[in-house]
Colleague: 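I'd like to ask some things about the structure below.
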Amino acid sequence: MFDSLKTKLTSFVDSVSQKTISEKDIDDLLWELQLTLMENDVSLSVSERLGEELKEALVGQQVSLSEKKRTFLKKALADAIRNVLQGSKMDLFDYIEEKRANGQPAILAFIGFNGTGKTTTIAKLAYILKQRGYSSVIAASDTFRAGSIEQLERHAQRVGVRIIKQSYGSDPAAVAYDAIQHAKARGIDVVLIDTAGRAETNKNLMAEMKKIVRVTNPDLKIFVGDALAGNAVVEQAERFNEVGIDCSILTKVDADARGGAALSISHITKRPILFVGVGQGYDDLLEFDPDWLVERLVPS
Ligand SMILES: Nc1nc2c(ncn2[C@@H]2O[C@H](COP(=O)(O)OP(=O)(O)O)[C@@H](O)[C@H]2O)c(=O)[nH]1
Ligand SMILES: [Mg+2]
């Protein structure tokens with residue numbers, strides 16, 4: 001008897017201290033949050049989509065009056081961002097270890113637009129892998145860009161790993177195939193496939209990517225995006241996602257610490273970000289931390 005009265009009282013208090021969120025309530029705040037995202041280099045289309053998702057999740061929800069709308073919304077935004085970045089904790093080294101335990105090389109194909117940092121990132125990874133006791137071989141499958149093979153050779157020499165190459169103009173898929181055979185024959189742990197990413201012949205480029213993927217059947221197709229590319233990174237991720245991006249690396253974050261491109265890439269690919277590139281040195285490759293990005297994107 002006493003208990004049921006208490007229950008009634010509690011639900012009455014709840015009913016007067018709750019307010020249903022309407023679209024009008026949050027429009028201004030949402031806009032403000034979207035601006036913050038855009039100022040941090042999240043693309044317009046992605047911040048709009050995120051805003052829509054937030055609105056859908058929030059309108060009609062009950063929020064207690066004791067909780068300020070702004071705080072509530074900020075929490076919701078942080079949750080939405082974490083949600084987009086979900087799965088961003090993939091550990092590449094665990095993956096490689098598993099393959100090694102099964103006696104197979106991990107085959108990693110690096111894809112992305114020209115100049116985003118594929119070759120540099122491959123050199124960094126070869127260096128880090130070596131430090132961790134894994135052997136690797138690099139396939140010089142950018143047979144298109146002048147100087148690309150020499151650039152790779154210089155890196156490989158400094159880091160102390162082999163590259164498998166043919167001449168310029170030769171079939172990138174064939175070069176990658178050779179590198180995989182080489183790795184299998186010698187028990188090498190990781191094959192790093194460098195590719196070209198030229199813009200001027202986009203159609204051929206995708207056909208080339210598809211062929212590399214068909215011939216080599218890589219374990220991971222790793223998209224390399226440039227933090228400085230702004231909105232262009234969205235188009236690039238969409239384009240390269242035609243071959244199915246498994247995970248991504250965001251480079252040049254040292255030049256632009258805002259990092260919002262990571263959110264755009266995650267949103268489009270629905271796959272994790274593995275690393276961020278933070279400079280031109282071989283150890284300038286850090287594991288991606290979702291909390292780092294949430295802190296930057298949610299206004300205080
Ligand atoms: N500051 C900075 N520069 C980078 C980073 N990654 C790559 N670069 C530079 O970006 C340029 C293009 O890199 P490259 O690896 O040749 O790109 P690719 O065409 O995709 O192979 C080079 O000058 C690299 O030194 C990074 O994380 N930070
Ligand atoms: Mg390159």
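If you read the sequence from its start, that first residue is 1, and numbering goes on from there. Every number for a ligand or one of its atoms is a count from 1 in the order of the listing.
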Colleague: Please report whether ligand 1 has a polar contact with Lys252, defined as an N or O pair separated by less than 3.5 Å (distance criterion only).
Modeller: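 Checking ligand 1 against Lys252, an N or O pair does fall under 3.5 Å apart.
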
Colleague: Tell me whether Arg132 forms a cation-pi arrangement with Phe93, defined as NZ or CZ under 6.0 Å from the six-membered ring centre and within 45 degrees of its axis.
Modeller: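 Geometry flag: set, cation within 6.0 Å and 45°.
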
Colleague: Which is it for His155 and ligand 1 at heavy atoms under 4.0 Å: side chain, backbone, both or neither?
Modeller: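 Answer for His155: neither.
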
Colleague: Go through the side-chain N and O atoms of Glu53 and His267 and say whether any donor and acceptor fall under 3.5 Å apart.
Modeller: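 There is such a pair (donor and acceptor under 3.5 Å, judged by atom type) between the side chains of Glu53 and His267.
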
Colleague: With heavy atoms under 4.0 Å as the rule, classify the contact between Val278 and ligand 1 as side chain, backbone, both or neither.
Modeller: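 Near ligand 1, Val278 shows its backbone, while the atoms from C-beta on stay back.
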
Colleague: Could you name the option among Ala123, Gly117, Ser148, Ala227 that has the heavy atom nearest to atom 17 (O) of ligand 1?
Modeller: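 Heavy atom nearest to atom 17 (O) of ligand 1 belongs to Gly117.
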
Colleague: Examine ligand 1 and decide if any of its atoms is less than 4.0 Å from a heavy atom belonging to Gly112.
Modeller: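 It does not, in that no heavy atom of Gly112 comes within the 4.0 Å cut-off of ligand 1.
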
Colleague: Would Thr119 count as a contact for the Mg ion (ligand 2), in the sense that one of its N, O or S atoms lies under 2.8 Å from it?
Modeller: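 Under 2.8 Å: Thr119 contacts the Mg ion (ligand 2) through an N, O or S atom.
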
Colleague: Suppose I only count heavy atoms of Gly277 and a 4.0 Å limit; which atoms of ligand 1 are within that range?
Modeller: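 In order of number, 27 (O).
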
Colleague: Just let me know how Asp254 lines up against ligand 1, side chain, backbone, both or neither, with a heavy-atom cut-off below 4.0 Å.
Modeller: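 It is the side chain that gets close, since no backbone atom is under 4.0 Å.
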
Colleague: For ligand 1, is there an atom lying under 4.0 Å from some heavy atom of Gly279?
Modeller: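 It does; at least one heavy atom falls under 4.0 Å.
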
Colleague: Which residue owns the protein heavy atom closest to atom 22 (C) of ligand 1, what's the atom, and how far is it?
Modeller: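 Looking only at protein heavy atoms, the one closest to atom 22 (C) of ligand 1 is Thr120 OG1, 4.2 Å.
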
Colleague: Check each atom of ligand 1 against the heavy atoms of Arg145 and keep those under 4.0 Å away; list them by number with element.
Modeller: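 Atoms satisfying the 4.0 Å criterion: 16 (O), 19 (O).
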
Colleague: Can you find a side-chain donor-acceptor pair between Asp226 and Gln236 that sits under 3.5 Å?
Modeller: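 Per modelled atom types, Asp226 and Gln236 side chains form no pair under 3.5 Å.
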
Colleague: May I ask you to decide whether Lys55 forms a salt bridge with Asp27, counting only side-chain N to carboxylate O separations under 4.0 Å?
Modeller: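 Salt bridge between Lys55 and Asp27, a charged N being under 4.0 Å from a carboxylate O: yes.
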
Colleague: Hey, does Lys118 come in under 3.5 Å of ligand 1, counting only N/O atoms on both sides?
Modeller: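 Between Lys118 and ligand 1 (N or O atoms, distance only) the closest approach is under 3.5 Å.
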
Colleague: Run the contact test for Asn114 against ligand 1 with a 4.0 Å cut-off on heavy atoms, strictly below, and give the result.
Modeller: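 Per 4.0 Å heavy-atom rule, Asn114 contacts ligand 1.
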
